[in-house]
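Sequence lines set the chain letters: A, B, ... in the order given, protein chains first and strands last, and positions in each chain run from 1.
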Amino acid sequence: MKKKCIFVLGPTASGKSAWALLQAEKYKGSIINIDSVQLYKGLIIGSAAPTEEEKRKIPHYLYSYVEAPKEMTAGDYLKDFYQLLESNIRFPLFIVGGTGFYIQALEKGMFNIEPVPIEFRKSIEEELAARGAEGLYAELKEKDPDTKIHINDHYRLVRAIEIIRYTGTTPTELNKKSSENKNEFPFEYIKVGFDFDKSDFEERVKRRTKKIIEAGIIEETTKFYNLNLADWAPLQSVGYKETVEFLRSSKSKEWLFEAINQSTMQLIKKQKTWFKRDKSVLWSNQEQSLAQFLA
RNA sequence: GGCUUGGUAGCUCAGUUGGUAGAGCAGAGGAUUGAAAAUCCUUGUGUCGGCGGUUCAAUUCCGUCCCGAGCCA
């Protein structure tokens, strides 16, 4: 039988994990995480990562395994993913999560350049801080006239300059090459999506936020906060960044609830925008689609 | 009751030496190739508390009333 994969995607709080768990049991498959926060060890409550009990039922991979202060990148994720596939894991694979960027990276690959040394980026960032973005942006425009990067998007600006200076080629060029090479995902796959209307999400998110706070996101965050890890990238994510602020400035628990609630709704909106443009996602009759695909 | 002060966009507030107003946040839409739950872009008509008066013209000045805050009784 061919090895098959099912991407289970959608905004946060859309019920994809629960569905995937059921289906993985039914088809005796396994579950792989594709959520950029659930990767980290110790960030369980705030990211609504699966519980130990859930993980016992079905093999789960790439959950809670990255230890602070390590920070993951999409490239690291790809590496870990393919390394995992070298071991003997059960198919069908349910790849579950809401990080569109990672899903895209798996599906279409990423251009293959060697990691740029940190000093490289550091010097560019210093240049940016000292002299502003104009110079760097002019350099980018000169080398890569078709760039879509905005001058205010400093993160992408620095990354583009780093690529240009280190590799001598441009992001646009690399992009073209990688789409010609088509490093496609090596298995047969479908993508099923889960989604709700905004008003339904409002209800779900309120419940989720309440649960997260009651389950102890404050305690969870405090552990990292006390280790001076407030700047650790994953702690900038929804739920944790609000809790860090809560710990820093004596805000009320009501404030925390509202803040997490709002950020979660914003996250959902952004995730919807990401998934909307992927026309191959099956948004309805997920179970039939799955049965058909696995038949 | 008197004095002071405030009432401007859903929220917090700028501002207009008189020519009907603008930021941040929120909301809406979008981008997204190693931070992605991050980062960035686009998007602002609202009886400028009510009613009167002065004026060619009032959100701006004057009067009065309503609501909030503070102080004094």
Side-chain angles (χ1 to χ4, degrees), chain A residues 9-14 33-40 43 45-49 66 68-81 97-118 120-121 125 128 133 137 144 147-160 162-163 166-167 169-179 181-183 198 202 205 208-209 212 217 221 231-244 255 258-278:
Chain A
L9 54 85
T12 199
S14 59
N33 171 45
I34 191 154
D35 178 292
S36 64
V37 181
Q38 295 183 4
L39 258 25
Y40 294 96
L43 302 183
I45 296 167
S47 70
V66 181
K70 181 169 182 191
E71 296 181 357
M72 288 289 282
T73 66
D76 296 332
Y77 174 81
L78 284 199
K79 241 178 263 159
D80 291 353
F81 182 90
T99 304
F101 182 46
Y102 285 19
I103 296 170
Q104 176 187 281
L106 263 194
E107 233 191 314
K108 299 183 181 164
M110 298 183 82
F111 43 66
N112 209 2
I113 59 172
E114 52 179 305
V116 181
I118 336 155
F120 236 85
R121 169 168 299 194
E125 279 169 348
L128 178 71
Y137 187 69
D144 190 356
T147 187
K148 286 169 75 185
I149 296 168
H150 192 276
I151 187 167
N152 291 343
D153 196 347
H154 292 348
Y155 168 65
R156 288 194 172 79
L157 217 205
V158 170
R159 172 67 180 154
E162 151 185 301
I163 289 172
Y166 189 70
T167 68
T169 177
T170 66
T172 305
E173 196 59 35
L174 288 165
N175 224 323
K176 216 193 284 172
K177 260 190 226 159
S178 93
S179 58
N181 291 347
K182 275 197 182 165
N183 26 6
K198 193 186 174 188
E202 276 163 357
V205 168
R208 176 194 154 107
T209 304
I212 282 174
I217 192 177
T221 309
D231 292 332
W232 187 38
L235 281 201
Q236 313 314 313
S237 58
V238 169
Y240 295 108
K241 64 167 177 278
E242 292 79 9
T243 309
V244 167
W255 176 88
E258 294 301 334
I260 294 179
N261 218 53
Q262 187 170 76
S263 295
T264 307
M265 289 306 294
Q266 291 172 333
L267 206 216
I268 287 170
K269 187 168 137 51
K270 280 188 263 183
Q271 287 172 310
K272 277 176 182 254
T273 300
W274 186 288
F275 295 129
K276 227 184 272 177
R277 64 176 176 174
D278 186 345

Looking for any heavy atom pair under 4.0 Å, which part of the strands does [X] touch: base, sugar-phosphate only, or nothing?
{"X": "Tyr102(A)", "value": "sugar-phosphate"}
{"X": "Ser263(A)", "value": "nothing"}
{"X": "Lys148(A)", "value": "sugar-phosphate"}

From C-beta outward on Arg277(A), which listed nucleotide comes closest to its side chain: A36(B), U39(B), A31(B)?
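Per side-chain heavy atoms of Arg277(A), the pick is A31(B).
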Nearest listed nucleotide, side chain of Lys269(A), among G29(B), G34(B), A36(B)
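From the listed options, G29(B) comes nearest.
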Separation between the C1' atoms of U12(B) and G44(B), rounded to whole Å
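Taking atom C1' in both U12(B) and G44(B), they lie 16 Å apart.
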With syn defined as a glycosidic torsion within 90 degrees of 0 and anti otherwise, which applies to G34(B)?
syn
May I ask whether Phe111(A) stacks on the base of U33(B), given the cut-offs of 5.5 Å between ring centres and 30° between planes?
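Given the distance and angle limits, yes, they stack.
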Using Watson-Crick and G-U wobble pairs with both distances under 3.5 Å, what is the 5'-to-3' dot-bracket string of RNA chain B, with [ ] for crossing pairs and | for pairs outside the strand?
(((((((..((((.....[..)))).(((((.......))))).....(((((..]....)))))))))))).
According to a strict under-4.0 Å criterion, is [X] in side-chain N/O contact with OP1 or OP2 of [N]?
{"X": "Lys270(A)", "N": "G29(B)", "answer": "no"}
{"X": "Arg156(A)", "N": "A31(B)", "answer": "no"}
{"X": "Lys79(A)", "N": "G34(B)", "answer": "no"}
{"X": "Asn152(A)", "N": "C41(B)", "answer": "yes"}

Can you tell me if Asp144(A) and Thr172(A) form a side-chain donor-acceptor pair at under 3.5 Å?
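The criterion, which ignores hydrogens and geometry beyond distance, is satisfied for Thr172(A) and Asp144(A).
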